[in-house]
Amino acid sequence: MARKVIITCAVTGAIHTPSMSPHLPITPEEIAEAAISAAEAGAAIVHLHARDPKNGKPDQSPEAFAPFLQVVKQRSNCVINITTGGAPTMLVEERVRPAAHYKPEVASLNMGSMNFGLYPMLNRFKEFKYDWEEPYLEGSRDRIFRNTFSDIEYILTTCAENGTRFEIECYDIGHLYTLAHFVDRGLIKTPLFVQSVFGLLGGIGPHPEDVAHMKRTADRLFGNDYQWSVLGAGKNQLPIAAQAAAMGGNVRVGLEDSLWIGPGKLAESNAQQVKAARQIIEGLGLEIATPDDARNMLSLKGGDRVNF
């Protein structure tokens, strides 16, 4: 049987701002449609953030998630993953609230504090629709995305009784060792879902050797007790997806991670990126995982136990 590959689609995130692409989902209706279309294209998991529909600013209030969570749940069988990353400007108590409130099958969890450099995008985008966008990007020169040991433990203990499992986001090699620490303490249960992030300024780079090094280290630390997935930032998205799929991994795409579908060409939708990833996976003789395949591979509690 062909190996099955989980495609995750992160549909809007908190990195890109509305002025960068007319295709970035902002309103609850746009986020819901983006998630459903991505699932129809082959994404087993959709990774969701919320935004203020008036200006596109990241919004981590549970109330901001409600309109699109309900629609996606009603119209798709996909696995819903709610961020606890929010935005680097937010405190952990704010960031965890949607996952704690809605108790999803999956929530994201960042494994370490880091520099999170978005300011180079100011070299490419000069005009902004909203007054928050330019200071948000410029402020990343002097901003640390805080994810201390205490913060990580706070998220884990806050969600401990929810049956939620975690997409564990590792932006560097040291984050894998932090994950191993929490596994050793019994605060994170296997099988792990390790999402390796490449090419973000402040984290590990996008070189093929960086990808291989992350995989080797995770193999040594976690053996067969994890599922590995990757995301490449910006232009690195599809090349890193291809490398990881060939190495036995799963892939994440979406407009959170890259606005592009090719050199100088904006992606017109999240579904377009999912289809591109699916073409790579199937071209390697592999199969895409269905949502229920993903639930089985990650030992999730099941969509029937989620009530939005």
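Hydrogens, waters and symmetry mates play no part in the numbers below; they use all other heavy atoms, side chains included.
Residue A276 comes nearest to I261 through the heavy atom pair CB-CD1, 4.0 Å, listed as atom of the first residue, atom of the second, then distance. Scanning all heavy atoms of the two residues, the minimum distance from V5 to V251 falls at CG1-N, 4.2 Å.
Side chain to side chain, Q195 and E167 meet the donor-acceptor criterion of an N or O pair below 3.5 Å. Looking only at atom types and distance, the side chain of S61 has a donor-acceptor partner in the side chain of D59 under 3.5 Å away. A donor-acceptor pair shorter than 3.5 Å cannot be found between the side chains of Q237 and S258. Judged purely by distance below 3.5 Å, without hydrogens or angles, the side chains of Y171 and E169 pair a donor atom with an acceptor atom.
By the 4.5 Å heavy-atom criterion applied to side chains, V106 and I80 are not counted as neighbours. In this structure the side chain of Q70 never reaches within 4.5 angstrom of the side chain of K73, judged on heavy atoms. Taking the side chain as every heavy atom from C-beta outward, I152 and L156 approach each other to under 4.5 Å. E138 has its side chain within reach of L122: a pair of non-hydrogen atoms, C-beta onward, lies under 4.5 Å apart. L24 has its side chain within reach of L259: a pair of non-hydrogen atoms, C-beta onward, lies under 4.5 Å apart.
Although no hydrogens or angles enter the test, the distance criterion places a donor-acceptor pair under 3.5 Å between the side chain of T157 and the main chain of Y154. Remark: side-chain polar atoms of W228 are not paired, donor with acceptor, to backbone N or O of M247 under 3.5 angstrom. Under a 3.5 Å cut-off, the side chain of S196 and the backbone N or O of C170 do not form any donor-acceptor pair. Of the possible polar contacts, none joining the S76 side chain to the V72 backbone as a donor-acceptor pair under 3.5 Å is found. With hydrogens and angles disregarded, a donor-acceptor distance shorter than 3.5 Å links the side chain of Q60 to the backbone of R95. With S140 contributing its side chain and G117 its backbone, the two residues share no donor-acceptor pair below 3.5 Å. Judged purely by atom type and a 3.5 angstrom limit, R278 uses its side chain to pair as donor or acceptor with the backbone of A41. Using modelled atom types, one side-chain atom of T84 and one backbone atom of S108 make a donor-acceptor pair closer than 3.5 Å. When atom types are taken as modelled, the side chain of N270 and the backbone of L255 share a donor-acceptor pair closer than 3.5 angstrom. Side-chain atoms of T12 come within 3.5 Å of backbone atoms of P25 as a donor-acceptor pair (strictly under, hydrogens ignored).
Stacking of R146 on the aromatic ring of F116 is not recorded, the 6.0 Å distance cut-off and the 45° axial limit not both being met.
Within a 6.0 Å sphere centred on CG of D142, other residues, nucleotides and ligands contribute 12 heavy atoms or fewer. Residue-environment remark: CD1 (I144) stays at or below the threshold of 12 foreign heavy atoms within 6.0 Å. The number of heavy-atom neighbours closer than 6.0 Å to NE2 of H213, taken from other residues, nucleotides and ligands shown, is 12 or below. Atom CG of D184 sits in a crowded spot, with more than 12 heavy atoms from other residues, nucleotides or ligands closer than 6.0 Å.
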- Message: Could you go through H175 and V197, starting from their C-alpha distance and side-chain angles, then the distance that decides it, and tell me whether this counts as side-chain contact (heavy atoms from CB on, under 4.5 Å)?
- Response: CA-CA 11 Å; H175 294 181; V197 184; over 6 Å; no
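Between E282 and K275 there is no salt bridge, since none of the side-chain N atoms of the basic residue sits less than 4.0 Å from a carboxylate O of the acidic one. Under a 4.0 Å N-O distance rule, the pair E153/R185 qualifies as a salt bridge. Electrostatic pairing of R216 and D219 does not count as a salt bridge here, judged by no charged N lying under 4.0 Å from a carboxylate O. At a threshold of 4.0 Å, the pair R97-E94 does not count as salt-bridged, since none of the basic side-chain nitrogens sits closer than that to a carboxylate oxygen. Using a 4.0 Å cut-off between a side-chain N of Lys or Arg and a carboxylate O of Asp or Glu, R75 and E40 do not qualify as a salt bridge. A salt bridge links K4 and D293; the closest N-O separation between the charged side-chain nitrogens and carboxylate oxygens is under 4.0 Å.
Residues passing the ring-ring contact (aromatic ring centres under 6.0 Å, His included) test with F65 are F68, sequence neighbours excluded. A search for ring-ring contact (aromatic ring centres under 6.0 Å, His included) contacts involving H207 returns nothing, not counting sequence neighbours.
Ring orientation note: the planes of H47 and H49 are tilted relative to one another, at an angle of 30° to 60°.
Screening R305, R295, K301, R165 against E105 for a salt bridge (charged side-chain N to carboxylate O under 4.0 Å, His left out) leaves a single residue, R295.
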